[in-house]
Each structure stands twice: as structure tokens, then as C-alpha cells.
Amino acid sequence: MKLRPLHDRVIVKRLEQETKTASGIVIPDNAAEKPDQGEVLAVGPGRKNDKGDLVTMNIKVGDRVLFGKYSGQTVKVDGDELLVMKEDDLFAVVEK
């Protein structure tokens, strides 16, 4: 099953966080926080402004983005946990 986001929504897959600290301490899964970075898997066409013109999205598929820990709506697709969120919920694009 494929998802196609509508309007100014994006589909994001959380990136796994490190389970070890810099000093070598292993963090157990139940103590680890949700990652706040992800990869954009799909992007909607954009939103319409007050005049009815389409405002295109500033992000694209493959971008690595930062977002709030509790942003978006979690959905499961083919066993993967994905997030559906508005473009406004994204904080930044991580440049490579």
C-alpha cells in the first residue's frame, strides 16, 4: 500500500537514534526518547493561499528533516511506523 499525502502534508519515517552514548554506555530501548529526525517519503502538492493559488512545498522526497517529538499522526503501513504531518510541523531540513 502506498500513501499519497494531500495538500501541505508530508509522510516522514523516523530515523533510528544512537543506542550508545559517546562514552560507550548503552541506552536501553525503554529509556530512549523518540527520535526527532526523519526522512521524507512523500510530499503533497501544496496548499492554496487566500487567492486560490497553489503554494508549492519547500521540501522534497529524500530530505532529512527535524520535527517536534510529538508532531504528526502515527500510522502503520506494511509494518512500518510512519508519521503524517503538515509542512508547518517541520522545523528544518538537515543539509548533508
Side-chain angles (χ1 to χ4, degrees):
M1 174 167 82
K2 290 189 175 196
L3 291 178
R4 183 175 52 92
L6 302 175
H7 309 292
D8 62 339
R9 289 184 173 77
V10 296
I11 309 289
V12 177
K13 182 173 184 177
R14 286 187 196 270
L15 295 176
E16 296 300 318
Q17 267 189 322
E18 293 292 320
T19 56
K20 216 184 254 194
T21 65
S23 59
I25 298 172
V26 176
I27 302 170
D29 286 340
N30 60 351
E33 292 185 12
K34 288 183 176 181
D36 53 1
Q37 285 190 39
E39 180 182 351
V40 177
L41 300 180
V43 177
R47 62 178 172 79
K48 294 197 176 196
N49 63 14
D50 296 336
K51 296 179 182 176
D53 299 326
L54 187 67
V55 178
T56 59
M57 305 280 272
N58 290 321
I59 58 170
K60 60 188 181 309
V61 174
D63 280 349
R64 188 175 191 164
V65 293
L66 297 177
F67 51 86
K69 292 192 186 310
Y70 304 105
S71 295
Q73 177 66 43
T74 304
V75 295
K76 280 205 173 207
V77 178
D78 297 332
D80 289 333
E81 194 172 283
L82 305 175
L83 290 168
V84 179
M85 63 180 74
K86 288 188 163 236
E87 183 183 29
D88 292 344
D89 293 338
L90 301 174
F91 297 148
V93 175
V94 178
E95 299 291 336
K96 296 176 184 178

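Just so it is clear, the structure is predicted and the values come from calculations on it, not from any experiment.
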- Query: For the residue pair F67 and V12, what are the closest heavy atoms and their distance?
  - Reply: CE2-CG1, 3.8 Å
- Can you name the closest pair of heavy atoms from D89 and S71 and give their distance?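 Closest pair (atom of D89, atom of S71, distance): O-OG, 4.1 Å.
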Which donor-acceptor pairs under 3.5 Å do the side chains of residues 41-50 make with protein atoms, sequence neighbours left out?
residue : atom : partner : partner atom : Å
N49     : OD1  : K51     : N            : 3.0
N49     : OD1  : G52     : N            : 3.1
N49     : OD1  : D53     : N            : 2.9

- Message: Checking one residue: F91. Which other hydrophobic residues are in its cluster under the side-chain 4.5 Å linking rule?
- Response: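 Under the 4.5 Å side-chain rule, F91 groups with L66, V94.
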- Query: With a cutoff of under 4.5 Å between side-chain heavy atoms, which Ile, Leu, Val, Met, Phe, Trp and Tyr residues group with L54?
  - Reply: none
If I take atom [atom1] from residue [X] and atom [atom2] from residue [Y], how far apart are they, to the nearest 0.5 angstrom?
X   : Y   : atom1 : atom2 : answer
D8  : T56 : CG    : OG1   : 11.5 Å
R14 : D80 : CZ    : CG    : 13.5 Å
K86 : M57 : NZ    : CE    : 10.0 Å
L83 : R9  : CG    : CZ    : 13.5 Å

Side-chain donor/acceptor pairs under 3.5 Å, residues 58-65, sequence neighbours excluded:
residue : atom : partner : partner atom : Å
K60     : NZ   : D63     : OD1          : 3.1
D63     : OD2  : K60     : N            : 3.0
R64     : NE   : Q37     : OE1          : 2.8
R64     : NH2  : Q37     : OE1          : 3.3

- Item | Sub-4.5 Å side-chain heavy-atom contact between I11 and V77 | no
